[in-house]
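Reminder, nothing fancy here: chain letters follow the sequence lines and each chain counts from 1.
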Number of protein chains: 2
Amino acid sequence: MPRTLSLNAKIQQLRQFLRQERRLPSYREMLDVFDYRSTNAVSGLVRKLVEHGYLLRDDAGHLAPTSKLSGTVKLLGLVQAGFPAPAEEDEVDVVSLDDYLIRRPEASFLLTVNGDSMIDAGIQPGDLVLVEKGATPRIGQIVVAQVDGEWTLKYYAKDSAGVRLDPANRNYRFIRPRQSLHIGGVVRGVVRKYD
Amino acid sequence: MPRTLSLNAKIQQLRQFLRQERRLPSYREMLDVFDYRSTNAVSGLVRKLVEHGYLLRDDAGHLAPTSKLSGTVKLLGLVQAGFPAPAEEDEVDVVSLDDYLIRRPEASFLLTVNGDSMIDAGIQPGDLVLVEKGATPRIGQIVVAQVDGEWTLKYYAKDSAGVRLDPANRNYRFIRPRQSLHIGGVVRGVVRKYD
DNA sequence: CTTGATGGTGAACGATTGTTCAGTTATGGG
DNA sequence: CCCATAACTGAACAATCGTTCACCATCAAG
């Protein structure tokens with residue numbers, strides 16, 4: 001059989017360009033990226049990348065990177081399973097944290113947690129909560145709510161007396177809205193960064 | 001003075017195209033996006049977008065979106081401060097979770113937490129830990145380590161007897177490596193998603 | 001109301017784009 | 001070793017790219 005090319009090396013090179021330039025290279029720029037000398041070679045490679053789902057071609061023929069290409073983190077299994085062998089590292093899924101966490105970008109906000117009232121829910125001071133503004137909360141979900149003029153982070157609950165906002169900390173008591181209750185949004189995720 | 005255009009509306013339209021097509025539109029495609037009829041109008045708008053930091057122009061003149069444009073979440077302040085008024089909503093920072101959390105994409109992995117041994121550190125079963133593989137741990141940091149053949153998530157500590165791996169749960173005891181200790185990576189962040 | 005600057009139209013330009021074709025090179029299976 | 005075939009070279013192509021020009025429209029300040 002004829003000579004075969006290793007896609008993985010090419011994909012790595014393309015990823016690097018994508019990260020640095022934040023765009024896809026043109027075919028002539030790919031000459032440098034892939035160390036080719038003919039744009040026809042690029043054309044063939046691009047066709048393969050489309051076949052393998054790294055690039056997407058729209059109706060007009062324009063190319064765009066898929067999340068498989070532009071993803072920034074390799075998604076593995078359980079901590080117990082550890083890391084894959086270098087040989088298998090090319091086959092793991094690559095995801096984007098944005099795509100993973102955010103469903104409605106236009107309604108999504110990040111807020112910094114300041115109290116410890118949700119500590120038993122694993123939400124610590126300094127954490128960022130990803131909030132979907134305007135969403136309708138279900139019971140048991142965590143909401144950002146304005147109660148009697150003050151914004152807080154609490155579990156959304158209901159009982160015979162109506163809506164109740166529960167903290168996740170035994171040292172705090174639940175809140176019962178007196179005058180007003182305004183649900184700002186529903187917490188869809190939590191992000192913590194260590195420095 | 002002459003008539004003024006509202007950049008914010010244009011930026012929204014551009015963001016929508018960017019999310020759907022995963023690439024920047026060409027000038028003629030921008031005619032539709034911005035409802036223009038001359039590519040000269042597009043040219044002027046692009047120049048403004050570059051000036052305001054939404055687009056980046058490299059040495060060769062190629063355009064690329066900045067994180068200010070391609071960011072997916074609006075970064076606000078403390079939970080206490082609540083949400084901005086709709087009028088001020090255009091002025092908040094827009095960030096990408098990938099850019100925020102990930103420094104070295106090529107060495108970054110996501111692992112699913114399965115035990116509750118780090119629960120007091122706010123890391124629950126089902127959470128994803130963002131691990132930077134191969135990084136050297138400092139004392140007090142959380143690491144993914146292989147101790148005597150088994151992979152675990154623990155605090156990295158040292159005492160007079162050498163390296164010690166501490167859980168964040170009173171029901172568990174610290175681990176002292178007997179035969180082998182292999183630090184897989186350092187935990188740089190935690191991501192939790194609610195369904 | 002006039003004026004000046006900004007936003008926009010319409011059309012033309014050379015440059016760059018991706019495609020295509022004929023031909024060459026390299027390599028793994030028989 | 002040889003051969004079939006995928007990978008690649010080099011060059012030409014029309015199509016599309018972003019830039020630029022002259023000119024018109026609009027609107028706020030004086």
When you measure from the centre of the six-membered ring of B:Y194, is the NZ or CZ of A:R188 closer than 6.0 Å and no more than 45° off the axis?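 Relative to the ring axis of B:Y194, which defines the angle, A:R188 lies outside at least one limit.
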Interatomic distance, [X] [atom1] vs [N] [atom2] [rounded to whole Å]:
X: A:D59; N: C:dG18; atom1: CG; atom2: C1'; result: 17 Å
X: B:R57; N: D:dC17; atom1: CZ; atom2: P; result: 15 Å
X: A:H62; N: C:dG18; atom1: NE2; atom2: P; result: 9 Å

Say whether B:I11 and B:Y36 are linked into one hydrophobic cluster, either directly or through other cluster members, by side-chain heavy-atom distances under 4.5 angstrom. yes
Membership question, hydrophobic clusters at under 4.5 Å side-chain separation (ILVMFWY): are B:V113 and A:F83 in the same one?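 Same cluster.
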Between [X] (side chain) and [Y] (backbone), is there a donor-acceptor pair under 3.5 Å?
X: B:D148; Y: B:Q179; value: yes
X: A:K193; Y: B:V190; value: no
X: A:S43; Y: A:T39; value: no

Can you list, by residue number, the residues of residues 8-21 of chain A that have a non-hydrogen atom closer than 4.0 angstrom to DNA chain D? none
For B:D116, all residues meeting salt bridge (charged side-chain N to carboxylate O under 4.0 Å, His left out), sequence neighbours excluded: none
In residues 27-50 of chain B, which ones come under 4.0 Å of DNA chain C, going by heavy atoms?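 Those residues are B:Y36, B:R37, B:S38, B:T39, B:N40, B:A41, B:K48.
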